[in-house]
Amino acid sequence: MSKKIYVTTPIYYVNDKPHIGHAYTSVATDFLARYHRIIGNDVRFQTGTDEHGLKIQKAAEKEDIKPIDLCDKNSTKFRELSKILNISNNDFIRTTEDRHIKGAQFLWNKLYENDQIYLDEYTGWYSVSDETFYNEKDLIKDEKGNFKTITGGNVEWISEKSYFFRLSNWSDKLLEYYKNNPDFIMPASKRKEVVSFVSSGLRDLSVSRTSFNWGIKTPNDNAHIMYVWLDALTCYPNGVNYLSDEKEDVSDYWENTTHIVGKDILRHHAVYWPAFLMAANLTLPKRIFAHGWWTNEGNKISKSLGNVIDPIEIIDKYGLDQFRYFMLREVPFGNDGDFSIKALEGRINSDLANDLGNLCQRSLSMVNKHLGNKIKCVSLDKEELEILNSAIELNKNLSDMVMNQNITDYIKSVWDLINNSNKYFNANEPWKKVKVDLDEFNKILFTTAELIKIIAIYIFPIMPSTSKKIFNFLNLEDSNINSEYLKIEEFNDYKINSIEALFPRIT
Ligand code: MSP
């Protein structure tokens, strides 16, 4: 039965152009959206840009342009990156859009009406780079004696009038919620961190600023703008029109929401966000999954080290599907990982060119050479039926893995299938059979073509263009690759189109 599903990436800060971390979150979320569509779910997938706050205002001042002009310029770059990465989002939200501003103010009003917000003064540390308030105990001192965030970001001491959200009242409710919904935060190691953070006690959270003006006005008081995280988080329900009194059908998606975020922003998503929603009597998302961080050849990625990786350069050189595959396969989803050119080239040559590329090319070009582009549909023996049925059955496991965002095991299982298919092909030695038994040869190639079709469906979430290319080799309609194709074609002959190398080897 088709389910309504909503998946989201974080919205990206527009102070600078996109880098590999943004590309990673988007590709991983795209994987999930595409798989859900394959199995017939009705998916909404939102990405977008986070455009308010001091970080953006300062970046605009530095370039001597208006904040909105900086936002327009850089938001376009993120939109373009989504296209380059072949991301299948249905929506791209900007926090400077009216629909977003209305939704953010709607949530504020609910919190205000429910007496969850009060006026006071914030005096303490603030990091502009991650737009976060810090307790001194959570900071570290550098060699010069200056306080820094654990990721090395600067903090400044601020003191200004501010509205506060009664976060401290929600500690117990949050802990109870985590306990009753053990899958709310994943992976489990990250849930533990959040539970221990909340257990140590929460302080009320400053949710408005008065010392600058690039933000959404708080509806009850013109002198304040909303804290940028309160503003930004509402982008998610705003994309499905949930923060409004006139909810449309689209808000049904909200009931089944998965947020994919990096580990650096887990606290905002797994503590502040559910507390805001509970305090406003609104529905919480189903799942928050935090992925790890990439380093570059073993080093932390940072502008000051000058080692920021531009995803577009890598894609230009190695190809998009190669890049997507590497990002998703190299690092267990949820862990930190390292980006290295050697590892990327290794994966392209072994997993892509040798395993997948060879399977398709060797077998299908034999059809074109010896069977005049046609494979006849034949009745299959036990061995063939078994291998094909288990390839089809695999989809049940894959589906369970996707429900748990287990992208890593998904890819490993698909590669086991590719390797088993190669084994079947080799063990049956079609290059010998072609000389002595053309029917037997045809049967081996038919089975292999069926396996290749099933594999093409499973790799669609990872490498959509390659998947389509394989469908084209098999002369199958590629506009809607889905699990309807997961059956043995008992009546259809195959016509094989001309074959090209899928993944050029890197030498
Ligand atoms: N604007 C906030 C999110 C608001 S969501 C309501 C934000 N933006 S961001 O542009 O700084 O980061 C967006 C995503 O990129 C985060 O999920 C972050 O973890 C990810 N990455 C940034 N650098 C990264 C790496 N080096 N490695 C992996 N992902 C990282 O935070």
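Numbering of ligands and ligand atoms starts at 1, following listing order.
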Task: N-O pairing of Arg94 and Asp72 below 4.0 Å - done: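 Salt bridge between Arg94 and Asp72, a charged N being under 4.0 Å from a carboxylate O: yes.
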
- [ ] In plain terms, say whether Asp130 and Arg267 are close enough for a salt bridge, that is, a side-chain N and a carboxylate O under 4.0 Å apart.
- [x]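 No, Asp130 and Arg267 are not salt-bridged.
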
Task: Main-chain N/O of Thr283 paired with Trp254 side-chain donor or acceptor, under 3.5 Å - done: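 Here the side-chain-to-backbone pair exists.
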
Open item on the list: So, applying side chain to side chain contact (heavy atoms under 4.5 Å, CB included) with Ser208, which one of His224, Met226, Lys217 is it?
Closed with: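 Among His224, Met226, Lys217, the one meeting side chain to side chain contact (heavy atoms under 4.5 Å, CB included) with Ser208 is His224.
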
- [ ] Indicate, with yes or no, if the rings of Trp415 and Tyr325 have centres closer together than 6.0 Å.
- [x]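 Centroid separation for Trp415 and Tyr325: below 6.0 Å.
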
- [ ] Measure up the Phe339 and Phe323 rings against each other and bin them: parallel (under 30°), tilted (30 to 60°), perpendicular (over 60°).
- [x]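 Tilted.
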
Task: Set of residues that line ligand 1, where lining means a heavy atom lies under 4.0 Å from it - done: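 The answer is Pro10, Ile11, Tyr12, Tyr13, His19, Gly21, His22, Thr25, Asp50, Trp229, Ala232, Leu233, Tyr236, Val261, Gly262, Asp264, Ile265, His269, His291, Gly292, Trp293, Trp294, counting any residue whose heavy atom sits under 4.0 Å from ligand 1.
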
